[in-house]
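Below, all heavy atoms of this structure are taken into account, side chains as well, without hydrogens, waters or symmetry copies.
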Amino acid sequence: MLCSIEAWNGESRLSDILKEHPDALCRLGELDPRLAHLKGAEARPMVRLIRLGELATIAELPLDILIAALRGEKIDRAAARDGSAVPPEVVLSEDAAVIRLDVRPMLASGQEPFAAIMEAAAGVPEGGALVLEAPFDPAPLRRVLAGKSFVSQGQRIAEGHWRIIFRRAGTLMSPALMRSGQRWVEPDGTHLDVRGLEPPQPMVQILALIDSGEVDAFTVHHERDPIFLYPELEERGWHCQVLAETPGELRLALSRRR
């Protein structure tokens, strides 16, 4: 069942919204020209997967402004830019190994480039990068590769041309790091992966990040429902929301209560 228009949030899928509101793409194009490409055939794979939070990052707009535009509210485009999030900068060393892949011809011919992208990403060494040329900013792909230790940054080169740099942040871990959670930053914020850690390390790592005061919100990738974590969160004034659950992964959004 689709959620009501009042319940749309960063985790809402654009494809679900379009089932009941097919004119939403036109509204997005009016809000920002960079979103007009979503009406094209080459963008259909991304439209099936993208979430509103990711779409807001692509457009460099606050999520509430993007949702308001989807609902048909009148938006001041200039004012909408205030408070927009800036993706983290990806820095490559001069001697970094770089693999380049242009998927624009594949998409133009109707081919699905996901397998080719994942094959190229698998060949990127620690500290190296995959430079992807695409007709749009592929937010769902960023999410997938972030789970494989990549950080990313996209740049609009021209109409119908985006360049996204995926840097492998590091897959070889020292024994000390193997006892702690993997942490990285995506456009939607900080992520902490505690899968594979022996109890009580998952809770220790989560609470250590909370108590550090470095972040007010982050996403946790867990293997199981952390029932002993919830009282600790409540005591610290933090909120927990289940974002997704798949075999082997429970994804949680943790945030400080306002």
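- In the hydrophobic clustering of this structure, Val103 groups with Ile99; members are Ile, Leu, Val, Met, Phe, Trp, Tyr whose side-chain heavy atoms approach within less than 4.5 Å, directly or through other members.
- Of the options Leu141, Leu145, Asp102, a side chain to side chain contact (heavy atoms under 4.5 Å, CB included) to Leu132 is made by Leu141 and by none of the others.
- Other residues, nucleotides and ligands contribute at most 12 non-hydrogen atoms within 6.0 Å of the CZ atom of Arg100.
- Counted within 6.0 Å of CD on Glu119, heavy atoms from surrounding residues, nucleotides or ligands total 12 or fewer; the atom is thus considered open.
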Criterion side-chain contact (heavy atoms from CB on, under 4.5 Å) on Phe218 and Ile210, from CA distance to verdict: CA-CA 9 Å; Phe218 61 99; Ile210 288 174; 3.6 Å; yes

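- Under the 4.5 Å side-chain criterion, counting only non-hydrogen atoms from C-beta, Val124 is not in contact with Phe166.
- When side chains are defined from C-beta on, Pro138 counts as touching Phe136, because their heavy atoms get closer than 4.5 Å.
- Considering every non-hydrogen atom in both Asp216 and Arg258, the closest pair reads CB-NH2, 4.3 Å.
- Partners of His191 under the ring-ring contact (aromatic ring centres under 6.0 Å, His included) rule, at least two apart in sequence or in another chain, are Trp184, His221.
- The shortest heavy-atom contact between Phe228 and Met203 is O-SD, 3.5 Å.
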side-chain contact (heavy atoms from CB on, under 4.5 Å) between Leu252 and Val242, intermediate numbers included: CA-CA 5 Å; Leu252 307 168; Val242 176; 3.7 Å; yes

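- In plain terms, the two heavy atoms of Ala121 and Arg168 that are nearest each other are O-NH2, 2.8 Å.
- Taking both residues in full, the closest heavy atoms of Trp238 and Arg257 are given as O-NE, 3.6 Å, listed atom of the first, atom of the second, then distance.
- Nearest heavy atom pair, residue His222 against residue Ile206, reads CD2-CD1, 4.2 Å.
- The heavy-atom pair separating Pro113 from Leu107 by the smallest distance is CD-CD2, 3.7 Å.
- With rounding to the nearest 0.5 angstrom, the CD1 atom of Ile165 is 10.0 Å from the CG atom of Leu130.
- Looking at Arg236 and Leu207, their side chains come closer than 4.5 Å, going by heavy atoms from C-beta outward.
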